Amino acid sequence: MRCAVSSMQYKFPVGSATDMLYFTYFQVCSTGVDEVLMKDEFAKLSKTLVQGAATCSPPLPLTTIVVQDHVGISNVAPADCPLIPLLAPEVDQSEEGAVDKTRIHDHISNLRFSLSPTAFFQVNTLAAERLYTLAGDWANLNSDTLLFDVCCGTGTIGLTLAHRVGMVVGIEMNESAVVDAQRNALINGIKNCRFVCGKAEDVMGSLLTEYLGSPQQHIAASESNSEVNGTGKKEDIVGGAENNGKSTESLTEKNDSSEINEDLDDGVSKELEGGHEQCNEAVRNQNSEEASSLVNEESIDAKAADCSEHTKTREEGSSISKNDVLAATACQFKNFVAIVDPPRAGLHPTVIKVLRTHPRIRRLVYISCNPDTLVANAIELCTPSTEHREKNKGHRGWRNMSSAGLARQRTKSMPNSEPFVPKRAMAVDLFPHTSHCEMVMLFER
Ligand SMILES: C[S@@+](CC[C@H](N)C(=O)[O-])C[C@H]1O[C@@H](n2cnc3c(N)ncnc32)[C@H](O)[C@@H]1O
């Protein structure tokens with residue numbers, strides 16, 4: 001296939017609404033095209049965009065254009081592909097905070113978000129605000145809630161809901177987005193969030209065990225509770241697990257450690273002493289404008305990088321970080337909720353499996369931009385374990401199977417576990433005048 005930039009159709013939002021085409025990225029396939037020609041085409045593209053932005057009314061403040069250089073077959077360039085700047089921002093060094101012009105800034109729910117070029121961010125921010133609020137309402141959040149923000153991007157969902165929960169743990173595979181999320185927490189003075197860089201399928205299981213204890217532990221606690229008092233009530237299970245869980249043990253061990261005291265010197269101790277209520281109060285009182293005027297972008301950069309470094313160090317097991325302290329305090333929570341917002345491919349089967357088989361996750365809010373994969377994931381979350389059909393029997397071959405068909409096959413190897421029940425669903429129109437929308441679905445058990 002041969003295709004160059006010049007063969008692309010692109011319009012710019014000029015004139016009447018019917019002429020408009022909003023885009024978040026261009027995709028260019030350049031197989032067999034000379035590099036000089038490509039450069040020339042990119043220069044033309046850049047010029048067109050600059051002209052389009054200037055002729056808008058009011059003119060669009062276009063500061064940066066970058067392209068990602070990806071060699072390979074994919075409809076999305078991986079986040080670590082090199083970035084080529086086509087239009088560099090005009091930086092006035094005398095102006096305070098000028099360095100920040102290389103980043104995009106936006107606001108959602110009175111919070112300020114600073115974004116790097118490869119990080120995902122909803123284009124329709126007003127509708128995104130409604131979407132996240134709805135997800136938060138359905139998630140039934142309170143100060144006893146530990147919220148897992150799965151596929152968290154730049155931290156938008158977790159940060160906008162942080163004031164409604166005890167703590168947020170965000171999981172995201174794009175490293176730049178994770179650093180953005182740390183940075184956005186700092187910019188907005190939010191202290192009860194931890195962001196972990198990794199594929200959800202690789203880290204979700206160990207994070208659930210770290211914060212909630214292992215599924216086996218809770219099943220055992222549940223069984224012994226039922227034997228002792230003949231009830232098996234879920235409240236009893238939660239209470240027992242809190243005292244016996246891994247998190248409690250690690251809290252005791254870590255509080256004795258001299259290493260942790262050094263780590264706390266940087267002010268983390270103050271965050272924790274005050275508890276989550278104080279932290280929530282800070283979030284409530286500090287609107288984004290005040291916060292942004294208080295923070296210095298360079299120190300934010302350093303702190304965000306520092307936080308992400310801590311995450312890495314911690315995973316290597318060589319030191320105790322601020323994140324360990326957050327993890328250690330997690331045992332106080334009673335309500336564990338996941339809000340998942342995966343890409344079009346949906347959640348990886350491993351993520352579905354760990355969420356379904358952990359008995360303490362009772363509520364899950366799924367935000368989806370692709371109904372096909374939402375249905376497939378819902379089948380795996382909700383099919384009762386008792387339906388033991390013979391594995392691999394009666395299917396028409398993997399290649400011809402829909403995502404729902406594949407999901408049905410996978411339910412046969414799902415470990416015995418209580419199924420979720422789909423309770424509510426609502427479409428949120430983030431992309432007016434297109435056939436796309438976001439779907440929010442609440443699952444409970
Ligand atoms: C639809 S976006 C949602 C981002 C964020 N929740 C928001 O609303 O801005 C999906 C996000 O999932 C991330 N992602 C994709 N696959 C992932 C995986 N396997 N594990 C963790 N994150 C993943 C992407 O990098 C992207 O940031």
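What you are looking at is a predicted structure, and each value in this text was computed from that prediction instead of being measured. Just follow the structure's listing: the first ligand is 1, and inside any ligand the first atom is 1.
Sorted by first and then second residue, the pairs that involve residues 338-370 and meet ring pair (Phe, Tyr, Trp, His ring centres under 6.0 Å), not counting sequence neighbours, are His218-His358. Sorted by first and then second residue, the salt bridge (Lys or Arg N to Asp or Glu O under 4.0 Å) pairs involving residues 135-146 (not counting sequence neighbours) are Asp137-Arg164. For residues 420-432, the set of pairs meeting the salt bridge (Lys or Arg N to Asp or Glu O under 4.0 Å) definition, not counting sequence neighbours, is empty.
Asp180 and Ser116 share a donor-acceptor pair across their side chains, judged by distance under 3.5 Å alone.
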Could you go through ligand 1 and list every pair where one of its N or O atoms sits under 3.5 Å from a protein N or O, giving the atom names and the distance to one decimal?
residue  : atom   : partner : partner atom : Å
ligand 1 : 6 (N)  : Cys151  : O            : 3.0
ligand 1 : 6 (N)  : Asp341  : OD2          : 2.9
ligand 1 : 8 (O)  : Tyr132  : OH           : 2.6
ligand 1 : 8 (O)  : Thr156  : OG1          : 3.3
ligand 1 : 8 (O)  : Asp341  : OD2          : 3.0
ligand 1 : 9 (O)  : Thr156  : OG1          : 2.9
ligand 1 : 19 (N) : Glu201  : OE1          : 2.9
ligand 1 : 19 (N) : Glu201  : OE2          : 3.4
ligand 1 : 20 (N) : Ala200  : N            : 2.8
ligand 1 : 22 (N) : Met173  : N            : 3.3
ligand 1 : 25 (O) : Glu172  : OE2          : 2.6
ligand 1 : 27 (O) : Glu172  : OE1          : 2.8
ligand 1 : 27 (O) : Glu172  : OE2          : 3.3

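Residues Leu146 and Leu212 share a closest heavy-atom pair of CD2-CD2, 4.3 Å.
By the 6.0 Å contact criterion, CZ on Arg130 is open, its count of non-hydrogen atoms from other residues, nucleotides or ligands being 12 or less.
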